[in-house]
K.L.:
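One structure, pasted below without further comment.
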Amino acid sequence: MIFLVDGYNMVFRSFYGIRELTRSDGFPTNAIHGWVKTLWSLMDRDDCDRLIVFFDRGADEREALLPEYKKNRSETPPDLVVQIPIIKELTALMGINCIEKDGVEADDLIGAYAKQYATEDNPVVIVSADKDLAQCLNGNVHQLLPPPTANPRLGWRMMTVDKVMGKFGVGAEKVAEYLALVGDNADNIPGLQGVGPKTASKWLNEYGDLETIIAKANYIAPARFQTLVAQQAEQLRINLKLTTLDTTHDVNCDVLIEPNPEVLKQKLIELEMKRTATDVEKRYG
């Protein structure tokens, strides 16, 4: 299987998973340590044949629709900012493609790759905790969820299309519409006030899609939402554009890059990651 890694999702987990780890001159290395460890652990899985990493580089279309998009997030910590270029450099030295595109989020690129290349003979696994990526799941696309921060003992968990209904109450093809109704706090997308997971899934299973819910606003229950749905119809349509991944991007990952163990080892030594540098010899010879 080809593993599609949501870069920043895993970078932030690496940063907060290991704290106060620095080189002797004070340069932070905690995220770098966690990142390398994470990629190697994924590579060691029996079901992983190849890794591809995707990074955000803006969100132009969504910010045009909703200026407040993701504005609820705090600034990236300076100690992490300085580690990101090194993380990308080390990833390439490990022989792993890094894919990014100006103005486009990693989720869209991951969705595009999954739609264009996933087949029965070429299944893919999305590595991310982001719930919006569940809309990509089908028989050939799975999602590997990292250990929860609140309960790391649960470990990594594989989400298949069959499990989406149990998690969201709707099928994968309706996850974007589900999120349009309930909102997404992580991305600062407002849902319909008072509508929770049970109500959203009930409506979608009964009416089929968001547009039909809007068209039949006068019939939905509970009755208190009838006027609200009608009043917020355009916002709900905007929400759906925000939560739906753009899978039309051209994502070409056919060109494989070879690992460069010698340079990789030297970079790790410079970072005073001597034990990790020693592991390079074991892994790459």
Side-chain angles (χ1 to χ4, degrees), residues 4-13 15-16 53-85 88 98-115 126 128-136 149 168 170 173-197 199-200 203-204 209-215 217 225 227-251:
L4 313 178
V5 180
D6 183 353
Y8 282 118
N9 188 274
M10 303 312 298
V11 164
F12 274 91
R13 295 183 67 87
F15 178 76
Y16 288 108
V53 177
F54 297 81
F55 285 104
D56 296 330
R57 194 184 280 182
D60 291 354
E61 291 185 2
R62 290 186 176 89
E63 288 176 355
L65 287 169
L66 182 69
E68 298 81 16
Y69 181 69
K70 290 188 176 181
K71 290 297 191 293
N72 58 330
R73 299 187 181 185
S74 57
E75 292 292 326
T76 303
D79 281 358
L80 176 55
V81 171
V82 297
Q83 295 181 74
I84 289 173
K88 292 181 178 180
C98 290
I99 308 298
E100 51 190 343
K101 184 176 181 180
D102 285 341
V104 180
E105 294 183 85
D107 289 1
D108 294 308
L109 299 177
I110 290 171
Y113 184 97
K115 182 177 181 179
I126 297 169
S128 176
D130 278 4
K131 54 183 175 290
D132 57 346
L133 285 162
Q135 66 190 270
C136 302
T149 304
F168 297 97
V170 296
E173 73 283 357
K174 296 179 183 179
V175 167
E177 292 172 300
Y178 167 89
L179 293 174
L181 285 166
V182 302
D184 189 346
N185 291 333
D187 292 339
N188 207 29
I189 298 174
L192 194 65
Q193 186 176 3
V195 173
T199 300
W203 289 351
L204 287 169
D209 55 44
L210 183 64
E211 201 58 46
T212 303
I213 291 172
I214 293 172
F225 289 115
T227 301
L228 186 61
V229 168
Q231 291 175 341
Q232 297 294 315
E234 287 308 310
Q235 182 60 56
L236 288 172
R237 293 185 177 107
I238 291 174
N239 284 3
L240 183 56
K241 291 180 180 179
L242 293 167
T243 59
T244 301
L245 299 183
D246 182 357
T247 59
T248 63
H249 295 283
D250 182 22
V251 183

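Note that these values count all heavy atoms, side chains included, but never hydrogens, waters or copies made by symmetry. Worth saying up front: this structure is predicted, and the values here are computed from it rather than measured.
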K.L.:
Could you check whether Lys70 pairs with Glu63 (Lys NZ or Arg NE/NH1/NH2 to Asp/Glu carboxylate O, under 4.0 Å)?
P.N.:
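A salt bridge is absent here (no side-chain N lies under 4.0 Å from a carboxylate O).
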K.L.:
What is the distance from atom SG of Cys136 to atom CD1 of Ile110, rounded to the nearest 0.5 Å?
P.N.:
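It comes to 8.0 Å.
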K.L.:
Tell me, with the steps shown, if Leu240 and Leu179 meet side-chain contact (heavy atoms from CB on, under 4.5 Å).
P.N.:
CA-CA 8 Å; Leu240 183 56; Leu179 293 174; over 6 Å; no
K.L.:
Identify the two heavy atoms, one from Asn188 and one from Leu66, that lie closest to each other, and give their separation to 0.1 Å.
P.N.:
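Closest approach of Asn188 to Leu66: O-CD2, 3.6 Å.
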K.L.:
Can you list the steps and then say if Arg62 with Asp108 is a side-chain contact (heavy atoms from CB on, under 4.5 Å)?
P.N.:
CA-CA 11 Å; Arg62 290 186 176 89; Asp108 294 308; 2.6 Å; yes
K.L.:
Between Lys101 and Asp60, does any side-chain N to carboxylate O distance fall below 4.0 Å?
P.N.:
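Asp60 and Lys101: not salt-bridged.
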K.L.:
Closest heavy-atom contact between Val251 and Ala112?
P.N.:
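Distance-wise, the nearest heavy atoms are CG2-CB, 3.8 Å.
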K.L.:
Any carboxylate oxygen within less than 4.0 angstrom of a Lys/Arg side-chain nitrogen, looking at Asp187 and Arg73?
P.N.:
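Counted as a salt bridge, because a side-chain N and a carboxylate O are separated by less than 4.0 Å.
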K.L.:
Please report the interatomic distance OG1(Thr212) to CG(Asp209), rounded to the nearest 0.5 Å.
P.N.:
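Result: 3.5 Å between the selected atoms.
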K.L.:
Identify the heavy atoms of Ala129 and Asn9 that sit nearest to each other, and give their distance.
P.N.:
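Distance-wise, the nearest heavy atoms are N-OD1, 3.3 Å.
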K.L.:
Counting C-beta onward and ignoring hydrogens, is there a side-chain heavy-atom pair between Pro77 and Phe15 closer than 4.5 Å?
P.N.:
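Pro77 reaches Phe15 side chain to side chain.
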K.L.:
Does some side-chain heavy atom of Phe54 sit less than 4.5 Å from a side-chain heavy atom of Asp6?
P.N.:
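Heavy-atom side-chain distance check fails, nothing below 4.5 Å.
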K.L.:
Using the salt bridge (charged side-chain N to carboxylate O under 4.0 Å, His left out) rule, take Asp107 and Lys131 through it: C-alpha gap first, then chi angles, then the decisive distance, then the call.
P.N.:
CA-CA 10 Å; Asp107 289 1; Lys131 54 183 175 290; over 6 Å; no
K.L.:
How many angstroms lie between atom OG of Ser128 and atom CE of Met10, to the nearest 0.5 angstrom?
P.N.:
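Between atom OG of Ser128 and atom CE of Met10 there are 7.5 Å.
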K.L.:
Any side-chain heavy atom of Tyr113 within less than 4.5 Å of one from Leu109?
P.N.:
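Counting from C-beta outward, Tyr113 and Leu109 never come under 4.5 Å.
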K.L.:
Rounded to the nearest 0.5 Å, how far does CG of Leu204 lie from OH of Tyr178?
P.N.:
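Going from the OH atom of Tyr178 to the CG atom of Leu204 covers 9.5 Å.
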K.L.:
Between Asp184 (side chain only) and Ala186 (backbone N and O only), is there a donor and an acceptor less than 3.5 Å apart?
P.N.:
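Between the backbone of Ala186 and the side chain of Asp184 there is a qualifying donor-acceptor contact (under 3.5 Å).
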K.L.:
With rounding to the nearest 0.5 angstrom, report the OH to CD1 distance, Tyr69 to Ile238.
P.N.:
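Tyr69 OH to Ile238 CD1: 14.0 Å, rounded to 0.5 Å.
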K.L.:
Look up atom CD in Gln231 and atom CG in Leu192, then write down how far apart they are to the nearest 0.5 Å.
P.N.:
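Reported value, rounded in 0.5 Å steps: 10.0 Å.
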K.L.:
Any idea which heavy atoms bring Leu80 and Val11 closest together, and the distance?
P.N.:
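Shortest heavy-atom contact: CD1-CG1, 3.6 Å.
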K.L.:
Determine the minimum heavy-atom distance between Thr244 and Ala176, stating which atoms define it.
P.N.:
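Closest heavy-atom pair between Thr244 and Ala176: OG1-CB, 3.6 Å.
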K.L.:
Measure from NZ or CZ of Lys88 to the centre of the six-membered ring of Phe55 and say whether it is under 6.0 Å with the direction within 45° of the ring axis.
P.N.:
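Checked: cation-pi criterion met.
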K.L.:
Run Arg57 and Glu105 through salt bridge (charged side-chain N to carboxylate O under 4.0 Å, His left out) and show every step you take.
P.N.:
CA-CA 6 Å; Arg57 194 184 280 182; Glu105 294 183 85; over 6 Å; no
K.L.:
Using only heavy-atom distances, determine whether the side chains of Gln83 and Asp79 contain a donor-acceptor pair under 3.5 Å.
P.N.:
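The criterion, which ignores hydrogens and geometry beyond distance, is not satisfied for Asp79 and Gln83.
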K.L.:
Between Ile84 and Tyr8, is the side-chain contact (heavy atoms from CB on, under 4.5 Å) condition met? List the steps.
P.N.:
CA-CA 9 Å; Ile84 289 173; Tyr8 282 118; 3.5 Å; yes
K.L.:
Between Arg237 and Glu211, is there a side-chain N and carboxylate O pair less than 4.0 Å apart?
P.N.:
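Yes, charged N to carboxylate O under 4.0 Å.
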K.L.:
Do Asn239 and Gln235 have side-chain heavy atoms sitting under 4.5 Å apart?
P.N.:
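Yes, close enough: below the 4.5 Å cut-off.
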K.L.:
To check you understand the geometry: which heavy-atom pair defines the closest contact between Leu245 and Gln135, and what is its length?
P.N.:
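That would be N-OE1, 3.1 Å.
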K.L.:
Show, in sequence, the C-alpha distance, side-chain angles and deciding distance for Thr243 and Asp132, and conclude whether the side-chain contact (heavy atoms from CB on, under 4.5 Å) test is met.
P.N.:
CA-CA 7 Å; Thr243 59; Asp132 57 346; 5.9 Å; no
K.L.:
For Glu61, is the CD atom crowded, meaning more than 12 foreign heavy atoms sit under 6.0 Å from it?
P.N.:
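Not buried by this count: 12 neighbours or fewer within 6.0 Å.
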